[in-house]
Every structure is written in structure tokens, then in C-alpha cells.
Amino acid sequence: MALIIFTEESMQEAKITVVSAIRDGEEITRMETVSFGTYTEKNGRFYVRYAETEASGMAGSTTTLKWDLASVTLLRHGTYELRQTFVPGGVCCDVYRTPYLVIPLETQTESVLIRRIDIGWQLFLTYKTIVGMQEESVMNLEITVDLAIKQEF
């Protein structure tokens with residue numbers, strides 16, 4: 001994995017809203033989190049980085065989303081560690097490291113829709129996760145990267 005260095009001048013404030021719907025069997029759990037972070041573009045790729053909150057259940061971790069017009073990669077470092085790559089029809093196998101255990105995780109991407117909007121970006125992901133080779137859940141994520149905000153950090 002290449003190390004990418006961003007300078008203060010290339011970074012822009014961003015409001016990141018993540019709306020998730022997780023279907024586990026017949027049960028659907030919905031959640032919305034709002035975080036503030038930074039956004040930058042480099043070599044045809046787009047990056048957003050933000051600290052996870054208590055509301056997400058992953059406080060102490062930093063999430064970086066990296067995307068181009070065909071795929072999205074989620075990198076999480078800190079208390080929780082994870083790398084997921086989302087490419088339509090693709091399968092990603094990794095481990096999810098928590099403070100309590102290390103869990104094998106398989107991600108099967110069904111769809112990825114990436115679009116530029118007036119205020120920034122919207123990313124739509126639909127995928128299945130298989131945790132520990134047992135439980136299967138269907139995830140729908142809508143991520144809005146709002147670059148039109150004025151927020152003090």
C-alpha cells in the first residue's frame with residue numbers, strides 16, 4: 001500500500017453524513033452519523049478522512065474513504081482496524097480488528113454508485129458481509145460528502 005501525503009493547502013473541510021441500513025435476516029437496523037473531517041483530490045482519486053464518534057460505536061478510530069469513479073475503499077485505523085474495497089461484483093476478504101477480538105470478514109459488493117453533486121459527492125454502496133464465515137448481513141450505505149460547509153475544527 002502506497003503512502004499518500006496530503007498537505008494542509010490541499011485539504012478542504014468536509015461534513016460526512018453516513019446513513020446505513022443493515023438487514024440481518026428479517027430485521028433492519030437504520031443509523032445515521034454525522035462527522036466533520038477533511039477532503040482532498042489527488043491523481044484522479046478522492047479522499048475524505050474523519051474521526052469516528054461515540055454514536056458510530058467506533059470512537060478512537062479514524063476512517064479514510066478513497067474513491068474514483070468505479071470503486072470505493074474504506075480504511076479504518078485506531079481502536080478498530082479494517083480495510084474494505086467495494087467494486088461491483090467484487091469480493092474482499094480481510095479481518096476486522098476490535099479491542100476484543102479479530103474477526104474474519106468477507107464483503108461481497110453488489111453495487112457501487114458514485115456521483116458528484118452540487119455540494120460535493122454522494123456514494124451509494126450495497127454489499128453483503130459474512131462475519132466469521134457464519135452470519136450474513138446486507139448493508140446499504142449512503143455517504144454524503146458536503147464540501148459547502150463552514151465548520152470550525
Side-chain angles (χ1 to χ4, degrees), residues 1-6 10-25 27-115 120-147 153:
M1 176 169 36
L3 178 63
I4 299 171
I5 299 172
F6 300 110
S10 69
M11 303 200 108
Q12 182 178 350
E13 296 174 354
K15 175 182 172 185
I16 301 95
T17 304
V18 179
V19 178
S20 63
I22 304 165
R23 189 180 61 202
D24 201 2
E27 187 177 322
I28 297 177
T29 305
R30 297 183 195 283
M31 184 167 73
E32 179 174 333
T33 60
V34 176
S35 302
F36 293 90
T38 57
Y39 166 86
T40 195
E41 298 178 25
K42 186 160 179 106
N43 299 327
R45 291 189 173 261
F46 310 92
Y47 300 83
V48 70
R49 180 174 291 141
Y50 59 95
E52 290 290 348
T53 63
E54 290 290 333
S56 72
M58 293 177 280
S61 297
T62 299
T63 296
T64 301
L65 291 170
K66 173 175 76 170
W67 70 93
D68 55 26
L69 298 178
S71 67
V72 177
T73 298
L74 178 145
L75 303 163
R76 188 164 288 132
H77 297 287
T79 307
Y80 294 84
E81 302 265 337
L82 178 64
R83 178 187 178 96
Q84 288 176 292
T85 300
F86 303 96
V87 177
V91 175
C92 173
C93 297
D94 201 357
V95 292
Y96 184 39
R97 297 180 198 285
T98 77
Y100 314 103
L101 28 131
V102 176
I103 306 163
L105 178 68
E106 180 178 307
T107 304
Q108 301 172 354
T109 306
E110 294 180 4
S111 66
V112 175
L113 174 62
I114 299 165
R115 64 183 196 187
W121 290 91
Q122 281 188 315
L123 313 174
F124 299 91
L125 306 172
T126 301
Y127 57 97
K128 290 181 184 175
T129 58
I130 300 170
V131 179
M133 302 195 313
Q134 297 175 30
E135 307 166 29
E136 182 177 296
S137 299
V138 177
M139 309 278 292
N140 287 294
L141 293 182
E142 177 183 333
I143 303 164
T144 302
V145 179
D146 182 348
L147 303 174
F153 286 93

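By the 30° and 60° cut-offs, the orientation of the rings of W121 relative to W67 is perpendicular.
The OG1 atom of T17 lies 7.5 Å from the CZ atom of F36; values are rounded to the nearest 0.5 Å. Rounded to the nearest 0.5 angstrom, S137 OG and K128 NZ are separated by 11.0 Å. Put simply, CG on D24 and CE on M139 are 10.0 Å apart, with the number rounded to the nearest 0.5 Å. Between T144 atom OG1 and K15 atom NZ the span is 9.5 Å, to the nearest 0.5 Å. Note: L125 CG to S111 OG = 7.5 Å, rounded to the nearest 0.5 Å. Note that CD of E81 and OG1 of T62 are 10.0 Å apart. Values are rounded to the nearest 0.5 Å.
Side-chain N or O atoms of T129 include none that pairs as donor or acceptor with a backbone N or O of V131 at under 3.5 Å.
With sequence neighbours excluded, the residues satisfying side-chain hydrogen bond (donor to acceptor under 3.5 Å, both in side chains) with E52 are S56, T63, R76.
In terms of heavy-atom proximity, S71 sits nearest to I114 at O-CD1, 3.8 Å. Nearest heavy atom pair, residue V145 against residue A14, reads CG1-CB, 4.1 Å. Across every non-hydrogen atom of E13 and L147, the tightest pair is O-CD2, 3.8 Å. Taking every heavy atom of both residues into account, L82 and D94 meet most closely at C-OD2, 4.2 Å. Here the closest heavy-atom approach between residue S20 and residue L141 is recorded as CB-CD2, 3.3 Å. Closest non-hydrogen pair, Y50 versus G37, comes out as CB-CA, 4.1 Å.
The side-chain hydrogen bond (donor to acceptor under 3.5 Å, both in side chains) pairs that include a residue from residues 101-110 are Q84-T107, E106-Q108, where partners are two or more places apart or lie in different chains.
With contacts defined as side-chain heavy-atom distances shorter than 4.5 Å, the pair I143/I16 qualifies. Side-chain contact between R45 and Y47: present, with at least one pair of heavy atoms (C-beta onward) separated by less than 4.5 Å. Two residues are said to be in side-chain contact when any heavy atoms from C-beta on lie closer than 4.5 Å; Y96 and P104 fail this criterion. Looking at heavy atoms from C-beta onward, M31 lies out of side-chain contact with T29 at the 4.5 angstrom threshold.
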